[in-house]
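The first residue in the sequence is number 1, and the count goes up from there. As the structure is a computational prediction, the values presented were derived from the model and not from experiment.
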Amino acid sequence: MTPITLKTYQQTALDTLAAFARAARVKGPALAFGELAGRPWHAGAFGDGLPCVCLRIPTGGGKTVLAAHAVPLLAREWAAVDAPVAVWLVPSDAIRQQTLKALQTPGHPYRAALADAYGEGLRVCALEDVAQIAPPEWGRNAVVVVATIQSFRIEDAGQRNVYSFSESFEPHFRGADERALAGLRDLPDALVTPEDVAADTTGVLAGFAGQPRWSLANWLALHRPILIVDEAHNAKTDKSFTALQRLNPGFILELTATPIAAKTNVLYHVSAQELAAEDMIKLPIVLAEHPEGWPAAVFGAVQTRRKLEAEALKDEAAGAGYVRPIVLFQAQNTGDEMPPEKLRDYLIDELKLPANQVVVATGKERGLDDIHLAARDCPVRYVITVQALREGWDCPFAYVLCSLQKLSSATAVEQLLGRVLRMPYAARRGREALNRAYAHVCAAEFSQAAHALADRLIEHMGFEALDVASMIAAQSSLPLWGNDLEPNQALEPVQQAPIATNFESIAATPELLAVPGLQQRAVGGVAQVVVTGHISQDTEALLLSQVRGAKKQEQVREQVAQHNALVAAQAAPASRCVPFAPLPTLGYRLDAQAPLWPLEREAVLDAVELDLLTPQAVQLTSFQVAQESDIFEIGMDGARVALRSAGSAQMAMDWESSSIDADTLVGWLDQSLFKAPELAGLTQSQRRAFLAAVVKHQLHSCGVPLVVLAQARFRLARAIEAHVGDLRDAATRRAFQQQVLGLGDGSAWLIEPDWAHPHVFEPGRYPAPVGSRYGGRYQFGKHYFPVLADLKDGGQEFQCAQLIDRHPKVRHWVRNLDTAPCGFGLPTSRGRFYADFVAELADGRVALLEFKGLLQHEPYELEKRQVGELWARSSGGKAVFGWLTFEGLAQQLDNALA
């Protein structure tokens, strides 16, 4: 199988998790979480001492691959062990079987994430196989146990084999560390009770009263496992908390799309835009409503699929992979007008579809069993179900959802929609129609269907209102079948129908009826207030004045927020397919006749020679060891943490013994760092010589005992990696100043704009992280995308954004993202510089605008300004660069855009 390259948002989520684990070691979980997430810590059932955090990943985001990468990350950054024990809890047996199979299959991307860290000695097993892993393997090989949370969740521990006394664990417990065994005494149901002894007819428990049981659960608890909890919103009950406490976890990582806010520490939240930008899901969902009834919805879905298959054939002919678009029908219940079998007959008899193209998959009918839907010779194009397909089922080619039930009442429609949202092969298609999802529903009008669909996406699939605002489009608003368009050709701007929201149980007072865009209408025989256009604070106050009760008022507020988000999304230039002017990247030539090459930091790095064996290079100034009595403290980057033993059960070798030697430590460091980008380009002999010199310096010049270095090896490795990175940055900065900025001896490269490879802001590609998005009431009228990244409601940068939005010379603008490829960056000696704002001006020029409050005189800030000015200077008047400060901001902006 092809290895999975982590998406940008997945790597960012893991980086955030690593940063939390490192900070929690020093400051404790509560303080570390507050600083990183900006929200208060929920201690919950586990208190402040046990780290329990959540990665919120919406449907289609790849939770399982994140979990697989998280195990070695947490073993390294939190537990500081080479051979961790992890317990991976899933919500059902179907998911358990799938996860277990994937993690046990050599070459599978999920297993590869673990095997890359621990080799093929890695042990992945079910609960019933734990006793078969010999005691010497624990602590020498990583062990991952996959189970359902139900296996541990029960009121009476005696009713579960995992808690029962088992002689098969006798060899394991006989050699266990007494201190670790003592730690089990505080766990729920861990000890043999007098009642257990009295009820034992075999006599095995005689003399064990008050001692830890020889049980599977206790054996796992003895190792303080890393706990992975999938679909963690299902594990927020008292029974679940007790089950997790019994396992004595060292760290709990929760993964879910829909966390329970009051009980969950959401460390990182992935947005729909992030998923779409990485081609994980199809957007928008093109929604077609059929007020005339189910026959029109069914026919529309069949026609949509036929057109999609024609597009797929063209796409494959152009070199793309094979796709056979499939419709998922959600039929009505048995006894209603159109149950599954009747719908199947209708498709075959009335619409003349081949019988082998239609399958029924319900609790009784198992039409999908033993069918490989992705196979080229598979004829299936239509799948009929009622409530949901079997748990864990996937359909790589699902493109169209057709629900004959009302979306507001349909059961588990979100599971079907989740299948339709996923992008085949997680790769963008050449034909634009294949990059969207499609939904045909029976609804009276677009606003009703859109709101019902939005509710499903928000409440059950992990998306935010601001996500959903740009996820749904009326079919009439998009030219779907551009047969005359070239692949990926930009669509023409379109005019969309206005968003209308119905507010039930609100009287149409004269004050409300005087509001522009508000009217009274009978919907289903019930008089309702219908609003179009943006709802102001005053109008919201009038609506709220007609509602009694805090809960109902909160529902109105949520309706208003969702409505305004939809209105803002529709008004954004990107939503109307208005193009943004291309921005030139920078290129370089070695001389006037040489070809133009992309200017990247890597090009400068090629000219840098780094000597890692100088006395200065082997000194780790950021890594310090201090001894107080028999306790050692490791200091790194200004933080200090006491060195604690992980316990012999978690040691891959006896790192606490004085019998280890320096070569063993150097070998471990080499194995840990050979993939580190900072040490890239070094041969193994060069790398080992450098690492040996670093260890020698710590032993002989700094006087650190070898056993202490061995126990602190994870921090030592991180300090070495950071130190080499600093050395490379310093050398690269000198080369960058000389060759790019021309501040050296005259041997500078020729720098010029590369208009042949410009950066283009694409509609639908603005992966703004949820936690940093602007959520204020001020409406930015010219921002290109429906949402804004990394902007607080108020403050100097907010005022700068307001001035840009109001400026008469600005056509539209973007709050620039600080990641490629969706953000626009210029090369620097450290990587890339992403200016705060990018604008297209009314005269066709483009502008980079960087706002600075503090640090504007720091050397790297000066380098960024020099690069921006170089970019503008070389553009031939087609681009401008502005370095803005708060004092006299409006005048500075005028001058920059003049």
side-chain contact (heavy atoms from CB on, under 4.5 Å) against [X], all qualifying residues, sequence neighbours excluded:
{"X": "N265", "value": "F33, W41, H42, V53"}
{"X": "A879", "value": "V846, W871, S875"}
{"X": "L750", "value": "R589, A592"}
{"X": "A801", "value": "F780, L791, W813, F837"}

[Y] backbone acceptor or donor facing [X] side chain under 3.5 Å:
{"X": "Q686", "Y": "T683", "answer": "yes"}
{"X": "R728", "Y": "E678", "answer": "yes"}
{"X": "D805", "Y": "G781", "answer": "yes"}
{"X": "Q619", "Y": "T621", "answer": "no"}
{"X": "R765", "Y": "A277", "answer": "yes"}
{"X": "S829", "Y": "T732", "answer": "no"}
{"X": "E278", "Y": "L275", "answer": "no"}
{"X": "Y766", "Y": "A789", "answer": "yes"}
{"X": "H69", "Y": "L14", "answer": "no"}

Which heavy-atom pair separates [X] from [Y] by the least distance, and what is that distance?
{"X": "L283", "Y": "A272", "value": "CD1-O, 4.1 Å"}
{"X": "A437", "Y": "L421", "value": "CB-CD2, 4.3 Å"}
{"X": "L884", "Y": "C800", "value": "CD1-SG, 4.0 Å"}
{"X": "V810", "Y": "A839", "value": "CG1-CB, 4.3 Å"}
{"X": "G882", "Y": "A896", "value": "CA-CB, 3.9 Å"}

Practice item. Give the ring-plane orientation class for F833 versus W883, where under 30° counts as parallel, over 60° as perpendicular and anything between as tilted. Key: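 Aromatic pair F833/W883 classed tilted.
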Find out whether [X] and [Y] are in side-chain contact, i.e. whether some heavy atom of one side chain is under 4.5 Å from a heavy atom of the other.
{"X": "Y834", "Y": "L817", "answer": "no"}
{"X": "V770", "Y": "V270", "answer": "no"}
{"X": "K63", "Y": "L66", "answer": "no"}
{"X": "F580", "Y": "V814", "answer": "yes"}
{"X": "E600", "Y": "R832", "answer": "yes"}
{"X": "Y268", "Y": "L36", "answer": "no"}
{"X": "Q273", "Y": "P786", "answer": "no"}
{"X": "L620", "Y": "L716", "answer": "yes"}

Review point. Residues two or more places apart in sequence or in another chain: which of them pass side-chain hydrogen bond (donor to acceptor under 3.5 Å, both in side chains) with E35?
Key: K27
Review point. Among all residues two or more places apart in sequence or in another chain, which pass the side-chain hydrogen bond (donor to acceptor under 3.5 Å, both in side chains) test with R806?
Key: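 Partners of R806 under the side-chain hydrogen bond (donor to acceptor under 3.5 Å, both in side chains) test: Y778.
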Measuring from atom [atom1] of [X] to atom [atom2] of [Y], what distance do you get when rounded to the nearest 0.5 angstrom?
{"X": "L55", "Y": "L17", "atom1": "CG", "atom2": "CG", "answer": "5.5 Å"}
{"X": "Q739", "Y": "Y588", "atom1": "CD", "atom2": "OH", "answer": "9.0 Å"}
{"X": "W755", "Y": "L596", "atom1": "CH2", "atom2": "CG", "answer": "13.0 Å"}
{"X": "I281", "Y": "N435", "atom1": "CD1", "atom2": "CG", "answer": "12.0 Å"}
{"X": "T5", "Y": "Q10", "atom1": "OG1", "atom2": "CD", "answer": "10.0 Å"}
{"X": "T585", "Y": "L826", "atom1": "OG1", "atom2": "CG", "answer": "9.0 Å"}

Please determine whether a side-chain nitrogen of the Lys or Arg among [X] and [Y] lies less than 4.0 Å from a carboxylate oxygen of the Asp or Glu.
{"X": "E863", "Y": "R830", "answer": "no"}
{"X": "K864", "Y": "E861", "answer": "yes"}
{"X": "R601", "Y": "D606", "answer": "no"}
{"X": "E77", "Y": "R25", "answer": "no"}

Point to revise | Verdict with reasoning, R734 to D729, per salt bridge (charged side-chain N to carboxylate O under 4.0 Å, His left out) | key: CA-CA 9 Å; R734 292 190 294 270; D729 284 346; over 6 Å; no
Without placing hydrogens or testing angles, list every side-chain donor-acceptor pair under 3.5 Å for residues 757-764, not counting sequence neighbours.
from : atom 1 : to   : atom 2 : distance (Å)
H757 : ND1    : D754 : OD1    : 3.4
H757 : ND1    : D754 : OD2    : 3.0

Practice item. With sequence neighbours excluded, tell me which residues meet salt bridge (charged side-chain N to carboxylate O under 4.0 Å, His left out) with K782. Key: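 Scan of K782 (salt bridge (charged side-chain N to carboxylate O under 4.0 Å, His left out), adjacent residues dropped) gives none.
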Revision key, fill the gap. The salt bridge (charged side-chain N to carboxylate O under 4.0 Å, His left out) partners of D15 (sequence neighbours excluded) come to none
Check your understanding: Of the options L803, V838, I804, D836, which is the one that meets L849 in a side-chain contact (heavy atoms from CB on, under 4.5 Å)?
Key ->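 Running side-chain contact (heavy atoms from CB on, under 4.5 Å) over L803, V838, I804, D836 with L849 returns exactly one hit, I804.
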Revision key, fill the gap. Residues pairing under side-chain hydrogen bond (donor to acceptor under 3.5 Å, both in side chains) where one sits in residues 838-850, two or more places apart or in two chains, turn out to be R811-E840, H812-E840, D843-R845, E850-K852
**Study point:** Summary of side-chain hydrogen bond (donor to acceptor under 3.5 Å, both in side chains) pairs that have at least one residue in residues 791-803, sequence neighbours excluded
**Key:**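 As it turns out, the side-chain hydrogen bond (donor to acceptor under 3.5 Å, both in side chains) pairs with a partner in residues 791-803, which skip direct neighbours, are E797-R815.
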Point to revise | Pairs involving residues 867-895, ordered by first then second residue, that meet salt bridge (Lys or Arg N to Asp or Glu O under 4.0 Å) (sequence neighbours left out) | key: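 Passing the test, one end in residues 867-895: R865-E869.
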Practice item. Check the side chains of Q738 and R733 for a donor-acceptor pair under 3.5 angstrom, ignoring hydrogens and angles. Key: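 Side chains of R733 and Q738: no pair found under 3.5 Å.
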